[in-house]
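Beneath this line is the structure, given in structure tokens, with notes to follow.
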Amino acid sequence: MICENLRYSRDHEWLTEGEPATVGVTAFAADALGDVVFVELPEPGTLVKAGDPCGEIESTKSVSEVYAPADGEIIEVNVALSDEPGLINTDPYGAGWLFKLRVTGDPELLDAAGYTALVS
């Protein structure tokens, strides 16, 4: 599933429009990861640069880094993932969001059609 109203990184993160932007991993990434068992996210107040690693998602298959889809400041993290990391698998575009980001600059992201072409 690819949502038309989101923008996407080539590293399979999604980003909402507006301030603050909400960030998560795509359903494609969640499926590839397998069952997520642990999530490590950056602390609020952390400054990130687009493309830099800023967290980790551990699954029964592997450990994958989370990359910042844009420059900005982390202003909130999804604390529910501490107790229920599987939300990333069951609801990657809803309850499984990772963090909220105050975006600075204009990130180079894909629209839904561009992301569809990337993963097809």
Query raised in the report: Could you give the distance from CD1 (I75) to NZ (K100), rounded to the nearest 0.5 Å?
Result: 7.5 Å

Query raised in the report: Just wondering, more than 12 heavy atoms not from E108 lying within 6.0 Å of its CD?
Result: no

Query raised in the report: If Ile, Leu, Val, Met, Phe, Trp and Tyr residues are connected whenever their side-chain heavy atoms lie under 4.5 Å apart, and connections chain through other members, are I2 and L110 in the same group?
Result: yes

Query - 4.5 Å side-chain heavy-atom contact, I74 and P42 - result: yes

**Report entry** From CA spacing to verdict: side-chain contact (heavy atoms from CB on, under 4.5 Å), E17, N5
**Finding:** CA-CA 8 Å; E17 296 286 344; N5 61 331; over 6 Å; no

Query raised in the report: Any side-chain heavy atom of F99 sitting closer than 4.5 Å to one from V66?
Result: yes

Report task. Calculate, to the nearest 0.5 Å, the distance between atoms CD and CD belonging to E40 and E65 respectively. Result -> 10.0 Å

Query raised in the report: Do L6 and L15 belong to the same hydrophobic cluster, where Ile, Leu, Val, Met, Phe, Trp and Tyr are linked whenever their side-chain heavy atoms lie under 4.5 Å apart, directly or via other members?
Result: no

Query raised in the report: In terms of hydrophobic clusters joined by side-chain contacts under 4.5 Å, are V25 and Y93 together?
Result: no

Query raised in the report: Closest heavy-atom contact between A112 and C3?
Result: CB-O, 3.8 Å

Requested in this report: Count the heavy atoms of every other residue, nucleotide or ligand shown that sit under 6.0 Å from CD of E84, and state whether that count exceeds 12.
Outcome: no

Report task. Flag yes if W97 and F28 sit in one hydrophobic cluster, no otherwise; membership is Ile, Leu, Val, Met, Phe, Trp, Tyr, and two members link when side-chain heavy atoms are under 4.5 Å apart. Result -> yes

Requested in this report: Decide side-chain contact (heavy atoms from CB on, under 4.5 Å) for D31 and L33; before the verdict, give the C-alpha distance in whole Å, the side-chain angles of both, and the deciding distance to 0.1 Å.
Outcome: CA-CA 5 Å; D31 289 343; L33 284 166; over 6 Å; no

Report task. Start with the C-alpha distance between T60 and V37, add both sets of side-chain angles, then the distance that settles side-chain contact (heavy atoms from CB on, under 4.5 Å), and finish with yes or no. Result -> CA-CA 7 Å; T60 54; V37 295; 4.0 Å; yes

Query raised in the report: Do V39 and P85 have side-chain heavy atoms sitting under 4.5 Å apart?
Result: yes

Requested in this report: Is it possible for you to say whether V48 and V23 belong to one hydrophobic cluster, with membership spreading through side-chain heavy-atom contacts below 4.5 Å?
Outcome: yes

**Report entry** For the student: nearest non-hydrogen atoms of L101 and A70, plus distance
**Finding:** CD2-O, 3.8 Å

Report task. Give every residue pair that meets the ring pair (Phe, Tyr, Trp, His ring centres under 6.0 Å) criterion with at least one member in residues 44-81, sequence neighbours excluded. Result -> none

Report task. To the nearest 0.5 angstrom, please state how far the NZ atom of K49 sits from the SG atom of C54. Result -> 13.5 Å

Report summary line: Residue pairs passing the ring pair (Phe, Tyr, Trp, His ring centres under 6.0 Å) test with at least one member in residues 100-120, sequence neighbours excluded, are Y8-Y115, H12-Y115

Report summary line: Hits for salt bridge (Lys or Arg N to Asp or Glu O under 4.0 Å) against E4, two or more places apart or cross-chain, chain-then-number order -> none

**Report entry** Nearest-0.5 Å distance, CZ of residue F38 to OG of residue S82
**Finding:** 7.5 Å

Report task. Write down the atom of A50, the atom of D71, and the distance for their closest heavy-atom approach. Result -> N-OD1, 2.7 Å

Query raised in the report: Are the side chains of L98 and I88 in touch, meaning some heavy atoms are under 4.5 Å apart?
Result: yes

Report summary line: When every non-hydrogen atom of P69 is compared with those of L109, the smallest separation belongs to O-CD2, 3.4 Å

Query raised in the report: Is a side-chain N or O of N78 found less than 3.5 angstrom from the main chain of A95, in a donor-acceptor match?
Result: yes

Query raised in the report: Does a side-chain heavy-atom distance below 4.5 Å link R7 with P107?
Result: yes

Query raised in the report: Distance-only, no hydrogens or angles: does the D52 side chain make a donor-acceptor pair with backbone N or O of A68 under 3.5 Å?
Result: no

Query raised in the report: So which heavy atom on E13 is nearest to which on D11, and how close?
Result: OE1-CB, 3.1 Å

